[in-house]
Amino acid sequence: MNSRAYITTPIYYVNDRPHIGHAYTTTICDIWARATRAMGTDVFFLTGTDEHGVKVEKSAAARGISPQALADENAAEFQRVLATFALTNSDFIRTTEPRHTTQVQAFLRKLVASGAVYLGTFEGWYDEGQEEYHTENRARELNYKSPISGKPLVRASEQNYYFRLSAFADRLSQHYADHPGFVRPAERCNEMLGRMRDGLQDVPITRTNFSWGIPMPDAPGHVVYVWIDALLNYVTALGLGSDDVSTNGRAHYWPAQYHIVGKEILWFHAVIWPALLMALELPVPRCVYAHSFWIADGQKMSKSLGNFIDLPTIERYTTTYGLDAWRWYMATQGPIAATDSDFNAKHFHETHTNDLVNTVGNCPSRVGAMIGKYFGGILPGDAEQGGSWPSRCAGSVEKWERAMAAFDLVGASRCAMDLLRQVDAMINETEPFKLAKDPANAARLASILNQCAQVVRLAGVLLEPFLPIKGRELAMAFGGVPDAGTPWDSRRTYGVLAEGTPIAKVALFPRVDRPIESVPATPA
RNA sequence: GGCGAUGUAGCUCAGCUGGUUAGAGCGGAGAAUUCAUAAUUCUUAGGUCGGCGGUUCGAAUCCGCCCAUCGCCA
């Protein structure tokens, strides 16, 4: 792991309403950012909004407001989401901000100057809703109607600027070959490789049929295609396109460690984006990670079904179960791998009960209770020096660190849970509550409870990126000092709780009686 | 239509380059136990490993075909 790292979410399109997809991506990035920061790495975590394009222009026109007003309104909505989920993004970039637009223009000048971008003509069938052209064959298959909206395709011809993607085919292939983990998971990487084998065509990167975009430099009437505009956010936020790159002190975060994206936008991130960076002579990101989708109660979420898990729905979960429980469900049950995950109330409830109430909540509770009862809430000493725990814990922590570095959130969460389960098992095995009945066992009893407390504290540290609120509560109860800010080397080690430390009994996750009723389709 | 997957216990899934009685978690069942949030620990599920055929001494694991589901593309 480097001493610095950069992680990004896609920037969210302001024409959409925030829903579980946005919350999910941002949440898993946040968990990684928190964990990586905890390990002592300087993490820059970026999210933001994508605000240009014909869709925004049209939606705004339909409401009789300016595109900027619409963007302002919805960007605020997305920012409200961040506040709701207590996310720790380092910055929030909006593509209508001058800091972005001026750099985008600077980048485009460079691309034109180097010949990577050129002026060309294109004629084809245009889908106005989707802002995309279809080939003649495809258009015929579609009956000359948009596959999304059903509206007729329009015959259109444009003189556009093109990005010479075809020229980067070899370099891209080489990069994929040299960096096996460049696109993950592996299934997605295969898709990209397969598609690249079919050949790379140059891509148009400007439009002339609308105006809500960044003007192409020295080309009146041309507006930068929203995708190119949007991709560049990852580097404009760091100031890589400004005249004096050193001014804001962010340039050294590049290249990104992780671009976390949904699988539907992987092509842009895994092929066009690295080629664009190559054309700009900038380093390519280390990993583009494409997660899959949440589906709702077994059904794909769609506008027509109106079954999006939207913000109000999410808030029902966070008020009932707490924000940490939401994050836990996102991280441990989510579609981080190549297959989609089903979101349903029953599964959420079971995960909450099993993992959080019965394990993360109950284990510290029983340990705290015994230390309270038998030692007046003061941690007793351990003449056994932790027995086998120090080495077992060290192993778990290393596994956790490796999992986190690899963006294996599920694996990391398991490391922490395993520690708590081992504590539960030890209590059953050694039966401290029986030893407590005979004063002759005092030393043994002290050792057992000391060890349990040490492991619980450590597990709490490993859980904190997932459960920031409850993790802090646990840290407060077991030691009384929130140890954020203390070096990772000491936090990650077994046995930092000194004899005499006050230990309180806590009930971190109250039981919830029954699941929230399965969410019916909310009217669109 | 092309490319790529997936289909394993009620549910969610592990099973790498083929090899003794096919695994985990959750749910269900039984037992132990009482420090704890009716928590915990242990035992337990006899699932034709989608179907058919093939290769092999031997296949969930390789090959072919078929069925189902899905992703990307055209």
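All heavy atoms count here, side chains included; hydrogens, waters and symmetry mates do not. Lettering follows sequence order; numbering is per chain, from 1.
Comparing B:U40 with B:A9, their C1' atoms are spaced 25 Å from each other, to the whole Å. Taking atom P on both nucleotides, B:A24 is separated from B:G47 by 16 Å, rounded to a whole Å. Between the C1' atoms of B:A38 and B:A32, the separation comes to 16 Å (whole Å). Straight-line distance between the C1' atoms of B:G18 and B:U33: roughly 45 Å, to the nearest whole Å. With C1' as the reference atom, B:G30 and B:A45 are 12 Å apart, rounded to whole Å. Spacing of P atoms, B:G23 relative to B:G46, comes out at 14 Å, to the nearest Å. Spacing between B:G25 and B:G2 at atom C1', rounded to whole Å, works out to 39 Å. Here, B:G53 and B:C11 have their C1' atoms 32 Å apart, quoted to the whole Å.
Between A:Tyr329 and A:His347, the two ring planes are perpendicular [angle over 60°; tilted spans 30° to 60°]. Between A:Tyr321 and A:Phe348, the two ring planes are tilted [angle within 30° to 60°]. Ring planes of A:Tyr176 and A:Phe182: perpendicular class, angle over 60° (limits at 30 and 60°).
Straight-line distance from the CG atom of A:Asp513 to the P atom of B:A38: 11 Å, rounded to whole Å. Rounded to whole Å, the distance from CG on A:Leu200 to P on B:A74 is 12 Å. Atom P of nucleotide B:U69 and atom CG of A:Asp342 are separated by 17 Å, given to the nearest angstrom. Distance, A:Phe268 CZ to B:C72 P: 13 Å, rounded to whole Å. One can place NE2 of A:His352 at 22 Å from P of B:G25, the figure rounded to the nearest angstrom. If you measure from atom NE2 of A:His347 to atom C1' of B:C26, you get 8 Å, rounded to the nearest angstrom. Counting to the nearest Å, the C1' atom of B:C72 and the NE2 atom of A:His269 are 17 Å from each other. Straight-line distance from the CZ atom of A:Phe348 to the C1' atom of B:C26: 16 Å, rounded to whole Å.
Heavy-atom neighbours of A:Asp178 CG from other residues, nucleotides or ligands within 6.0 Å: above the threshold of 12. Around the CD atom of A:Gln385, the shell of radius 6.0 Å holds no more than 12 heavy atoms that belong to other residues, nucleotides or ligands. Other residues, nucleotides and ligands place no more than 12 heavy atoms under 6.0 Å from the CZ atom of A:Arg414.
Under a cutoff of 6.0 Å and an axis angle of 45°, A:Arg327 and A:Phe466 do not form a cation-pi pair.
Applying the salt bridge (charged side-chain N to carboxylate O under 4.0 Å, His left out) rule to pairs touching residues 372-391 of chain A yields A:Glu384-A:Arg444, sequence neighbours excluded.
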(Q) Walk me through whether A:Ile371 and A:Ile378 qualify under side-chain contact (heavy atoms from CB on, under 4.5 Å). (A) CA-CA 7 Å; A:Ile371 292 173; A:Ile378 301 299; 5.9 Å; no
Q | Check against side-chain contact (heavy atoms from CB on, under 4.5 Å), A:Val261 and A:Tyr289 | A | CA-CA 6 Å; A:Val261 301; A:Tyr289 194 105; over 6 Å; no
Return the polar atom pairs (N/O with N/O) between nucleotides 2-11 of chain B and the protein under 3.5 Å, or none.
none

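Where A:Glu350 and A:Arg188 meet RNA chain B, the nucleotide closest to each residue was compared, and A:Glu350 sits on the side nearer the 5' end.
RNA chain B is contacted by no residue of residues 383-396 of chain A, taking any non-hydrogen atom closer than 4.0 Å.
Between the A:Asp324 side chain and the A:Lys470 main chain, a donor and an acceptor come within less than 3.5 Å of each other.
Salt-bridge annotation for A:Lys437 and A:Glu431: absent, with no side-chain N of the basic residue lying under 4.0 Å from a carboxylate O of the acidic one.
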Q.
Output one letter per nucleotide in nucleotides 31-37 of chain B: B when a protein non-hydrogen atom lies under 4.0 Å from the base, S when only the sugar-phosphate is that close, - when neither is.
A. --SSBBB
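Each of A:Phe168, A:Trp273, A:Phe268 was checked for a ring pair (Phe, Tyr, Trp, His ring centres under 6.0 Å) with A:Phe163, and the lone residue meeting it is A:Phe168.
Between the side chains of A:His269 and A:Tyr234, a donor-acceptor pair is found at a separation under 3.5 Å.
Contacts of A:Glu264 classified as salt bridge (charged side-chain N to carboxylate O under 4.0 Å, His left out), with partners at least two apart in sequence or in another chain: none.
Secondary-structure stems of RNA chain B, taken as three or more successive Watson-Crick or G-U wobble pairs (i with j, i+1 with j-1) under a 3.5 Å distance threshold, comprise B:1-7 with B:67-73, B:10-13 with B:23-26, B:28-32 with B:40-44, B:50-54 with B:62-66.
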